[in-house]
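Just so you know, these numbers come straight off a predicted model, no measurement behind them.
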Amino acid sequence: MDKRLQHIITLRENGRLEEANQLMVALVNEEPENGYYQFQCAWTYDSLGKEQEAVPHYEKAIQLGLKPEFLVDAYLGLGSTYRTLGQYEQSKRILEQALSEFPEAEHIKFFYAMTLYNLREHSKAMETLLNTVIHTTHHEGIKDYSKAIKFYSDKLDQTWE
């Protein structure tokens with residue numbers, strides 16, 4: 001990683017968000033075809049709460065291509081940003097694409113569940129959350145009841161007499 005980018009990331013991590021963003025925008029203007037720079041630029045905008053400005057940089061980063069460890073985060077960033085902007089269908093599409101390419105990325109499923117909730121797909125949202133908790137928890141009580149939680153995860157509206 002070049003020194004300028006490392007400096008920008010350090011600024012962002014230390015809460016100097018405006019300065020990090022300005023420097024990152026300048027770097028992207030120098031090298032607009034660098035997908036990793038586009039991704040980092042989107043991240044600086046997101047850190048500032050400027051989601052609308054982040055979107056084109058996430059989109060460009062994904063289009064240009066990223067290493068898998070960054071691509072998964074770019075999908076998450078874009079999907080989450082679409083959700084916060086109220087663009088729920090776009091959010092769902094991006095997060096489903098991410099889950100298709102990275103099925104082991106359990107953290108994406110939480111954001112996917114939030115999007116499903118916003119789309120009023122409450123049953124699917126709860127099923128997604130419950131199953132993700134089962135797969136990721138280390139809590140003994142949840143582990144002990146994981147079969148029951150799994151069983152009921154897609155039967156939340158069902159009752160038994």
Side-chain angles (χ1 to χ4, degrees), residues 1-121 124-139 142-143 146:
M1 180 179 319
D2 71 51
K3 290 180 182 181
R4 292 183 301 169
L5 182 57
Q6 185 56 55
H7 175 67
I8 293 166
I9 292 170
T10 300
L11 289 171
R12 187 185 70 231
E13 290 172 346
N14 291 326
R16 295 172 60 186
L17 304 177
E18 200 63 56
E19 185 178 357
N21 178 253
Q22 290 171 3
L23 293 172
M24 197 65 238
V25 168
L27 197 53
V28 163
N29 286 337
E30 287 177 30
E31 293 188 48
E33 299 303 307
N34 184 316
Y36 188 65
Y37 286 1
Q38 292 285 350
F39 168 61
Q40 289 294 330
C41 190
W43 195 343
T44 64
Y45 276 121
D46 257 351
S47 297
L48 286 168
K50 295 181 177 182
E51 286 82 4
Q52 196 71 45
E53 289 89 340
V55 168
H57 295 285
Y58 280 129
E59 290 173 338
K60 184 78 169 177
I62 291 167
Q63 177 212 341
L64 290 170
L66 294 165
K67 292 180 181 178
E69 63 267 27
F70 304 121
L71 180 58
V72 68
D73 289 332
Y75 279 136
L76 177 59
L78 181 58
S80 176
T81 298
Y82 277 147
R83 191 191 74 77
T84 64
L85 293 171
Q87 298 174 358
Y88 305 130
E89 289 296 338
Q90 294 95 318
S91 175
K92 182 179 179 182
R93 179 181 52 79
I94 289 295
L95 294 172
E96 285 176 344
Q97 184 175 348
L99 289 170
S100 172
E101 290 184 41
F102 302 99
E104 73 289 349
E106 297 290 335
H107 58 296
I108 291 177
K109 293 176 184 175
F110 287 99
F111 292 87
Y112 180 60
M114 287 186 263
T115 296
L116 292 172
Y117 171 85
N118 293 126
L119 289 167
R120 301 196 181 339
E121 296 181 37
K124 181 72 174 164
M126 281 297 296
E127 181 183 353
T128 300
L129 279 176
L130 291 170
N131 285 306
T132 303
V133 168
I134 290 168
H135 288 106
T136 61
T137 191
H138 299 292
H139 187 276
I142 294 172
K143 286 181 179 180
S146 65

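Listed by first and then second residue, the side chain to side chain donor-acceptor pair (under 3.5 Å) pairs involving residues 61-71 amount to none (not counting sequence neighbours).
When the salt bridge (charged side-chain N to carboxylate O under 4.0 Å, His left out) test is applied to E104, no partner is found at least two apart in sequence or on another chain. By the salt bridge (charged side-chain N to carboxylate O under 4.0 Å, His left out) test, K124 is found to be paired with no residue, residues two or more places apart in sequence or in another chain being considered. Every side chain to side chain donor-acceptor pair (under 3.5 Å) that E106 has, sequence neighbours left out, goes to K109.
Between Y45 and C41, some side-chain heavy-atom pair lies under the 4.5 Å cut-off.
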Could you list the donor-acceptor pairs under 3.5 angstrom formed between side-chain atoms of residues 20-29 and any protein atom two or more places apart in sequence or on another chain?
from: N21; atom 1: ND2; to: T44; atom 2: OG1; distance (Å): 2.9
from: N29; atom 1: ND2; to: V25; atom 2: O; distance (Å): 3.3

Which donor-acceptor pairs under 3.5 Å do the side chains of residues 92-101 make with protein atoms, sequence neighbours left out?
from: K92; atom 1: NZ; to: E121; atom 2: OE1; distance (Å): 3.4
from: K92; atom 1: NZ; to: E121; atom 2: OE2; distance (Å): 3.0
from: E96; atom 1: OE2; to: Y112; atom 2: OH; distance (Å): 2.7
from: Q97; atom 1: NE2; to: Y75; atom 2: OH; distance (Å): 2.9
from: E101; atom 1: OE2; to: Y75; atom 2: OH; distance (Å): 2.7

(request) Evaluate the side-chain contact (heavy atoms from CB on, under 4.5 Å) criterion for residues Q38 and E33: first the C-alpha distance (whole Å), next the side-chain angles of each, then the deciding distance (0.1 Å), finally the verdict. (result) CA-CA 8 Å; Q38 292 285 350; E33 299 303 307; over 6 Å; no
(message) Let's go through R83 and Y88 carefully: what are the C-alpha distance in whole Å and the side-chain angles of both, what is the deciding distance for side-chain contact (heavy atoms from CB on, under 4.5 Å) to 0.1 Å, and is it a yes or a no?
(response) CA-CA 5 Å; R83 191 191 74 77; Y88 305 130; 4.1 Å; yes
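Relative ring orientation between F39 and F70 is described as tilted, the plane-to-plane angle lying within the 30° to 60° band.
Within 6.0 Å of the OH atom in Y117, the count of heavy atoms belonging to other residues, nucleotides or ligands does not exceed 12.
Here the shortest heavy-atom pairing between T81 and T84 reads O-OG1, 2.9 Å.
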